[in-house]
2 protein chains.
Amino acid sequence: MEHAEGSAAAASRGPCAAIPADQMGFVRQILDRVGDKWSMLIIACLEDGALRYTDLQRDVSGISQRMLSHTLRQLQQDGLITRTAYAEVPPRVEYTLTPLGRGLIDIVKQLIGWVSDHHDEIRAHRDRAAAGS
Amino acid sequence: MEHAEGSAAAASRGPCAAIPADQMGFVRQILDRVGDKWSMLIIACLEDGALRYTDLQRDVSGISQRMLSHTLRQLQQDGLITRTAYAEVPPRVEYTLTPLGRGLIDIVKQLIGWVSDHHDEIRAHRDRAAAGS
DNA sequence: CAGTATCCCGACGGATACTG
DNA sequence: CAGTATCCGTCGGGATACTG
């Protein structure tokens with residue numbers, strides 16, 4: 001079945017099998033958000049429960065305040081996490097996953113797991129490609 | 001069990017539960033590669049089998065030649081896809097997933113599936129956040 | 001403690017033109 | 001057909017300094 005395009009069966013699922021094609025733009029958009037440099041890590045870190053700003057800054061480690069604040073706000077606006085501020089001194093703010101965000105952690109964990117499992121393999125390929133030609 | 005930190009149990013798994021912390025840098029690096037704007041889409045599109053350059057350009061649609069070439073080369077260097085050129089006229093080049101890359105499609109498909117399932121939900125949150133305050 | 005504001009640079013990434 | 005090369009604007013994202 002080389003192409004199978006033009007058939008009625010293929011019409012509904014678009015060119016990419018997995019992607020409805022009319023949603024391609026959207027998928028890209030969300031994928032960009034969710035798959036950006038920090039979102040996944042933050043989501044993964046929130047798996048265990050609420051974390052404070054500083055905790056996240058430490059756990060994700062490499063992240064700058066700017067990116068942490070920014071990403072947290074994005075995630076919050078997308079309804080993936082909730083922000084709870086306690087009016088005390090010193091101020092305390094906790095971030096937790098929403099049910100929506102919780103639906104993502106399984107996938108995120110799988111992805112991170114996969115990366116952990118294969119990073120050396122990828123590294124090897126990358127090196128060979130860089131060295132050889 | 002507010003924090004439970006300091007316990008011996010927590011020590012081995014680092015701050016983030018899912019991430020060994022010493023691998024955090026790596027994870028970030030690969031995650032960046034895999035989670036970039038186009039890689040996931042290309043991988044998803046290659047699920048069914050080999051595709052040619054032009055096919056990919058059509059399937060991923062929004063992508064420019066520059067980014068398609070670039071991303072393909074990245075993926076190839078990471079050992080996620082293979083490039084096969086046939087010395088004919090007109091030239092034909094086919095891209096396929098390696099076993100390594102194939103290990104990713106399940107996760108990628110899950111992620112795309114999740115996004116498809118919840119994009120309206122996310123959209124709603126995003127709109128409310130933008131409108132309300 | 002939990003951010004915001006500003007500066008700034010490099011990479012991302014689109015458009016266009018050209019090549020084997 | 002399957003790219004590469006160049007130009008160029010936009011944005012991600014780090015460093016630093018400041019605020020409630």
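Note on naming: letters A, B, ... go to the chains in the order of the sequence lines (proteins, then strands), and numbering restarts at 1 for each one.
Proximity of a side-chain donor or acceptor of B:S39 to a complementary backbone N or O of B:R33 within less than 3.5 Å is detected. Although no hydrogens or angles enter the test, the distance criterion places a donor-acceptor pair under 3.5 Å between the side chain of A:D55 and the main chain of A:R52. Panel note: side chain A:R58, backbone A:Y53; no donor-acceptor pair is recorded below 3.5 Å.
Annotation: ring-ring contact (aromatic ring centres under 6.0 Å, His included) contacts of A:H119 (sequence neighbours excluded): B:F26.
Checking B:H70 against B:Q74 by side-chain atom types alone, a donor-acceptor pair falls below 3.5 Å. Between the side chains of B:T82 and B:T98, no donor-acceptor pair is found at a separation under 3.5 Å.
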Nucleotide N/O to protein N/O under 3.5 Å, stretch nucleotides 7-9 of chain C:
none

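Each of C:dG20, C:dG14, D:dG20 was ranked by its minimum atom distance to the side chain of B:W38; first place goes to C:dG14.
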Exercise. After noting the C-alpha distance and the side-chain angles of B:E94 and B:R92, does the key distance pass the salt bridge (charged side-chain N to carboxylate O under 4.0 Å, His left out) rule?
Worked result: CA-CA 7 Å; B:E94 287 188 342; B:R92 186 166 54 113; 3.3 Å; yes
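Backbone-only engagement by A:Y95 is indicated by non-hydrogen atom pairs under 4.0 Å involving sugar-phosphate atoms exclusively.
Side-chain N/O atoms of B:R73 include one lying less than 4.0 angstrom from OP1 or OP2 on D:dT4. Applying the 4.0 Å criterion to OP1 and OP2 of C:dT4, one finds that A:S69 has a side-chain N or O inside that range.
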Seminar exercise, completed: Pairs under 3.5 Å (Watson-Crick or G-U), crossing ones as [ ], inter-strand ones as |: DNA chain D comes out as ||||||||||||||||||||
